[in-house]
Structures are given as structure tokens and as C-alpha cells.
Amino acid sequence: MAILFSFSPWADIGNDQPAYKLARLMDKCLWFDSENGGLGIPISWAMTGQTMEAICRVDPSIAGSIRVRTLNKGVFTSWDQSEIIGSTFHAMSLVQPCLDDHYQEAYINGFVKEDIRHTNEVMWKLFERSPKGFCPSEKVFSIQSSRSAVEEGYEYCIIGGEAFGSDFHAQNNKGGVFQLENGLKVLPTVNEILPNDFHKYYKAELLIDEIINYCRRNHIGRVVLSADVDFWLEGDDWEKAVDNGFNRIKWMYLKCKERENEIKMVNTHALIESSWQQGYSGLHNLNRFYESIGIPDPYRFISSWTNSKGNLDFVDWSRSDKAAQFIKAHTDKYIRGINHQQWVDGDKLQRSKQMWLNISGTVFYDDRPQWRNFMPDCFKENLEKAWSLLNDS
């Protein structure tokens with residue numbers, strides 16, 4: 001059986017210039033080889049809701065291309081089609097490490113699910129799509145928070161593979177499809193292979209060779225690769241940047257076509273469906289896997305592409321604590337209001353949450369110097385406005 005390889009670039013873009021470049025890149029990939037009846041390059045485009053709005057704002061034609069050229073939930077589709085993968089509307093985390101279970105559940109119900117629902121509404125309005133796949137910001141994920149994706153209609157989730165073992169251990173962990181008790185399927189990325197390392201993979205065949213050799217070493221038949229889409233949009237000249245990014249993706253796809261007996265480039269949902277196909281491994285239990293590698297509390301374990309050791313070193317604890325204090329105060333006031341213990345201005349309460357969501361993605365960054373104290377003025381200003389609205393409510 002051929003190796004199934006999916007490519008899922010991630011985007012959280014709000015500014016017009018990068019949004020336009022992304023729209024043009026997507027359009028070229030979606031319509032590639034259409035004159036010969038081709039379905040385009042099967043890419044799983046993972047985007048926040050604000051990114052979806054941005055690309056359609058600067059290039060309205062992309063909405064039509066996505067409607068026509070991507071797979072849709074509940075409709076017969078091909079493994080060879082592109083797909084749109086959903087996320088939260090803002091680049092917010094599915095889980096907050098400074099919250100106990102009571103407030104964590106309130107955060108999931110009142111913040112996370114609402115933000116995911118916002119993305120779903122945007123997707124349907126712009127593209128008439130209800131996607132199957134979900135990709136959390138920064139790949140931050142826990143079993144406890146996974147129900148937010150399930151309850152908002154998603155079937156599978158892409159997460160970072162850093163906690164799933166390393167290369168050369170003859171492991172098949174990152175080639176597996178994992179399942180949770182709530183029904184969500186989970187796909188870990190093969191984090192050892194960075195498709196954006198253009199110095200190492202200066203030719204597409206070098207990347208394809210690396211994927212095939214990795215699979216043979218680790219005895220797996222599936223690979224998900226992911227990276228920020230910005231790497232395929234670099235350069236001030238937007239037309240040249242889009243052409244360069246498209247050519248890198250195109251040749252990656254064409255090299256797979258040349259070796260289709262060994263490797264097949266497909267959308268990420270195909271990897272989920274392959275768990276029912278003869279020749280590919282079936283579903284694995286994620287709880288049991290976590291237990292097998294010594295994770296003491298699988299239900300609350302937080303994984304991320306920056307958190308291979310599971311020790312949360314990447315978290316900005318000062319900001320995380322400030323975020324937790326706001327979430328607790330917002331939750332307490334909401335509960336007092338619905339229990340008629342206190343009069344609450346619901347409009348201001350909701351606006352305070354929306355103000356906090358603007359900075360919700362600035363907490364989970366690793367400790368590299370370039371990310372330390374990320375966007376301090378923006379964080380401070382929005383948090384102060386959020387508290388002001390909350391106090392006035």
C-alpha cells in the first residue's frame with residue numbers, strides 16, 4: 001500500500017497584504033490542472049475564522065473557488081480534493097493551564113465553544129462549508145478540552161506530534177489514528193519533518209525521500225505535515241512570493257504523482273478514512289497510549305508543538321495567570337447573573353469577553369527571545385478594556 005501523505009498549512013492572518021497573498025496561493029492550488037479534469041492539489045487548509053474573513057475581504061473571488069473546489073461534509077468526495085479545516089475564530093487556546101476543573105469547564109463552554117461556533121458561522125456564510133477537520137491554535141490540545149470540537153460538529157483534530165515519541169524508535173505512533181471516548185479522531189503530526197525547511201529540502205524530491213524513508217524506519221503508512229503558511233508567502237513582492245510558494249507546493253505534489261506506487265498526497269480526512277481500509281492500521285485509544293508512555297493524568301495533559309516534554313515550559317505564566325483571573329471573574333459574574341443573585345448588563349459582559357478574545361492568542365508562546373513578552377502594548381490595552389467593561393457590567 002502507498003504511504004498516505006497530507007499537508008496542512010496553518011494560517012492566522014488579519015492584515016490585508018498577507019491575506020491577499022494567501023488567497024492567491026490557495027486559488028492557484030485549488031485550480032491546478034483543472035483544464036485536464038484535475039481536482040487541484042489536495043491541501044488541508046487550516047485557518048482561524050478571522051483569516052477566512054480576511055481572505056474574502058481582500059479577494060472575494062476566493063470564496064467561490066473554495067465552494068467549488070473543496071470537499072464538503074456529508075457529500076461524496078474524493079481523497080484528492082482540497083479541504084478547509086476549521087479552528088477557533090481568534091488564535092485562542094483550547095485550554096488554560098491556570099484554571100481548575102470548574103473554571104476550565106466554564107472556559108470551554110463559555111469561551112472556546114463560542115469562538116469555534118463563530119468560525120463555523122463564518123465558514124457557512126462565506127463558503128457554505130461544514131468541515132470535518134479541526135486544528136487548534138499552536139496545536140494546544142487536551143482530552144479534557146476535546147469535547148469543544150466534537151460538540152461543535154467536528155470529526156477529527158490535528159495535534160502536535162512532539163509528545164508521541166521520536167524518530168528511529170521503530171514506533172508507529174505518529175502514523176496512527178487515535179480515538180477518544182467522545183468520538184473525536186486525533187492525528188498527530190510528524191514533527192521531525194519540517195516542510196518549511198527550504199534549505200534542507202531545496203528540491204521537492206528531497207522532502208518526498210525524507211517522508212518515505214521516515215515511514216519505512218518507523219513502520220507507518222500515514223504522515224501529516226504542518227507549518228505556518230507564512231513560510232510559503234515570504235517576500236514583499238506579492239506576485240513573486242505567491243509564485244514561489246505555489247511552485248514549492250506544486251512540485252511536492254508532482255513528485256508524489258511520479259512515485260504514486262510509494263506515496264500518495266491526499267487530504268487529511270483521507271487519513272481518517274484509511275483506518276477502515278485494508279492495509280492501514282486501525283483506530284487506537286489515546287487515553288491508553290498516554291498511559292503507556294507514562295503520562296500521569298491523560299485527561300488533563302496539555303500537548304502542543306512547543307511542549308514535547310509535557311512540562312509547559314513554553315507558557316508565559318504571568319499572562320496565563322492574568323487570563324485566568326479574567327476568566328474566573330467573568331464566569332462568576334455570569335453565574336450570579338443567571339441565578340438572579342446580581343443584576344448584570346449582558347451586553348457589556350459579552351463585549352468584555354470579545355475584548356479579551358482579541359488577545360487570547362498571546363499567552364501560549366514558547367520561551368524563545370523573539371516570542372517573549374509578545375505584543376505587550378496590545379495585550380495590556382485590550383486586557384484593561386476587557387476588565388473595564390466587565391467591572392461596568
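In this chain, numbering begins with 1 at the start of the sequence shown.
- Of all non-hydrogen atoms in L4 and S274, the two that sit nearest each other are CD1-CB, 3.5 Å.
- The main-chain N or O of K385 is never found under 3.5 Å from a side-chain atom of S388 such that the two would form a donor-acceptor pair.
- Judged by distance alone, the side chain of N287 and the main-chain N or O of P298 form no donor-acceptor pair under 3.5 Å.
- Under a 3.5 Å cut-off, the side chain of S393 and the backbone N or O of K348 do not form any donor-acceptor pair.
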Report task. For W45 and L25, run side chain to side chain contact (heavy atoms under 4.5 Å, CB included): C-alpha distance rounded to whole Å, both residues' side-chain angles, the deciding distance at 0.1 Å, then the answer. Result -> CA-CA 11 Å; W45 301 95; L25 177 65; 4.2 Å; yes
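- No side-chain donor from either of R336 and Q341 sits under 3.5 Å from a side-chain acceptor of the other.
- A donor atom on one side chain and an acceptor atom on the other are not found under 3.5 Å apart for D101 and Y299.
- Judged by distance alone, the side chains of S6 and T268 do bring a donor and an acceptor atom under 3.5 Å apart.
- A cation-pi contact, defined as under 6.0 Å to the ring centre and within 45° of the axis, links K28 to F246.
- Salt bridge status for R319 with D316: present, with a side-chain N to carboxylate O gap under 4.0 Å.
- Every salt bridge (Lys or Arg N to Asp or Glu O under 4.0 Å) that R259 has, sequence neighbours left out, goes to D209, E262.
- F134 places none of its side-chain heavy atoms less than 4.5 Å from the side chain of I158.
- With hydrogens and angles ignored, the 3.5 Å screen pairs no side-chain donor or acceptor of T189 with any backbone N or O of V224.
- Annotation: the span from I84 atom CD1 to S44 atom OG amounts to 9.0 Å, rounded to 0.5 Å.
- For N391, the side-chain hydrogen bond (donor to acceptor under 3.5 Å, both in side chains) test picks out no residue, with sequence neighbours left out.
- Side-chain atoms of N285 and Q179 form no donor-acceptor pair, as typed in the model, at a separation below 3.5 Å.
- Looking at K380 and D377, no side-chain N of the basic residue comes within less than 4.0 Å of a carboxylate O on the acidic one, giving no salt bridge.
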Report task. Kindly determine whether I143 and Y290 satisfy side chain to side chain contact (heavy atoms under 4.5 Å, CB included), including the steps that lead there. Result -> CA-CA 10 Å; I143 293 176; Y290 277 170; 3.9 Å; yes
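- Note: F231 and W10 fail the aromatic proximity criterion, with ring centroids not under 6.0 Å apart.
- Across all non-hydrogen atoms, the minimal contact from R129 to I66 is NH2-O, 3.7 Å.
- Pairing each heavy atom of L39 with each of D80, the nearest pair is CB-O, 3.9 Å.
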Donor-acceptor pairs under 3.5 Å, side chain of residues 233-242 to any protein atom, not counting sequence neighbours: which ones?
unit_1: D237; atom_1: OD1; unit_2: E239; atom_2: N; d: 3.2
unit_1: D237; atom_1: OD1; unit_2: K240; atom_2: N; d: 3.3

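- Between M252 and the options I43, L225, L207, I41, a side-chain contact (heavy atoms from CB on, under 4.5 Å) holds for only L207.
- Counted by atom type alone, W31 and S65 present one or more donor-acceptor pairs between their side chains at under 3.5 Å.
- Within the 4.5 Å cutoff, no side-chain heavy atoms of I3 are placed close to those of R222.
- Using a distance-only test at 3.5 Å, with no hydrogens or angles considered, a donor-acceptor pair links the side chain of S137 to the main chain of A91.
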Query raised in the report: Taking it one step at a time, do K322 and L383 satisfy side chain to side chain contact (heavy atoms under 4.5 Å, CB included)?
Result: CA-CA 9 Å; K322 291 175 182 177; L383 188 60; 4.0 Å; yes
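- Here E121 does not pair with R117 in a salt bridge; the nearest charged N to carboxylate O distance is not below 4.0 Å.
- With D59 contributing its side chain and I55 its backbone, the two residues share no donor-acceptor pair below 3.5 Å.
- Remark: K113 engages E151 in a salt bridge, criterion side-chain N to carboxylate O under 4.0 Å.
- The closest donor-acceptor contact from the side chain of E384 to the backbone of E381 lies at 3.5 Å or more, if one exists at all.
- Looking only at atom types and distance, the side chain of S146 has a donor-acceptor partner in the side chain of N182 under 3.5 Å away.
- Here the OG-CD distance, from S87 to Q50, works out to 10.0 Å after rounding to the nearest 0.5 Å.
- Atom CD of E152 is separated from atom CG of D115 by 10.5 Å, given to the nearest 0.5 angstrom.
- A distance of 8.5 Å separates OG in S148 from CZ in F141, rounded to the nearest 0.5 Å.
- Atom CD in Q350 sits 11.0 Å away from atom CG in L389 (nearest 0.5 Å).
- Distance alone, capped at 3.5 Å, places no donor-acceptor pair between the T48 side chain and the T88 backbone.
- Not a single side-chain hydrogen bond (donor to acceptor under 3.5 Å, both in side chains) links D100 to another residue, sequence neighbours left out.
- A cation-pi arrangement is found for R248 relative to F198, the charged atom lying closer than 6.0 Å to the ring centre and inside a 45° cone about the ring normal.
- Contact check on R351 versus D347 returns a salt bridge, with a Lys/Arg side-chain nitrogen under 4.0 Å from an Asp/Glu carboxylate oxygen.
- Considering every non-hydrogen atom in both G86 and M52, the closest pair reads CA-CE, 4.4 Å.
- Judged purely by atom type and a 3.5 angstrom limit, Q96 has no side-chain atom pairing as donor or acceptor with the backbone of A323.
- Proximity of a side-chain donor or acceptor of K333 to a complementary backbone N or O of L390 within less than 3.5 Å is detected.
- Of all heavy-atom pairs spanning L22 and T51, the tightest one is CD2-CG2, 3.8 Å.
- The cluster map of Ile, Leu, Val, Met, Phe, Trp and Tyr, joined by side-chain heavy atoms under 4.5 Å apart, puts I108 and L99 in different clusters.
- The shortest side-chain heavy-atom distance between P131 and Y154 falls under the 4.5 Å cut-off.
- Between the side chains of W305 and E138, at least one donor-acceptor pair of N or O atoms lies under 3.5 Å.
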Report task. Using the side chain to side chain contact (heavy atoms under 4.5 Å, CB included) rule, take L349 and H330 through it: C-alpha gap first, then chi angles, then the decisive distance, then the call. Result -> CA-CA 7 Å; L349 190 68; H330 189 282; 3.6 Å; yes
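- Here R217 does not pair with E192 in a salt bridge; the nearest charged N to carboxylate O distance is not below 4.0 Å.
- By the 30° and 60° cut-offs, the orientation of the rings of F32 relative to Y253 is perpendicular.
- Under the salt bridge (Lys or Arg N to Asp or Glu O under 4.0 Å) criterion, D230 pairs with no residue, sequence neighbours left out.
- Closest approach of L187 to G176, counting heavy atoms only: CD2-O, 3.9 Å.
- In this structure, K185 fails the cation-pi test against F178, since its NZ or CZ atom is not both closer than 6.0 Å to the six-membered ring centre and inside 45 degrees of the ring normal.
- Between Y156 and H269, the ring planes are tilted. Angles from 30° to 60° get that label.
- A salt bridge does not link R69 to D27: none of the charged side-chain nitrogens sits closer than 4.0 Å to a carboxylate oxygen.
- Listed by chain and number, the residues in a side-chain hydrogen bond (donor to acceptor under 3.5 Å, both in side chains) with K21 amount to none (sequence neighbours excluded).
- Defined by atom type and a distance below 3.5 Å, a donor-acceptor pair is present between the side-chain atoms of D33 and N36.
- Both L254 and W232 are assigned to one and the same hydrophobic cluster, defined by single-linkage of ILVMFWY side chains at heavy-atom distances under 4.5 Å.
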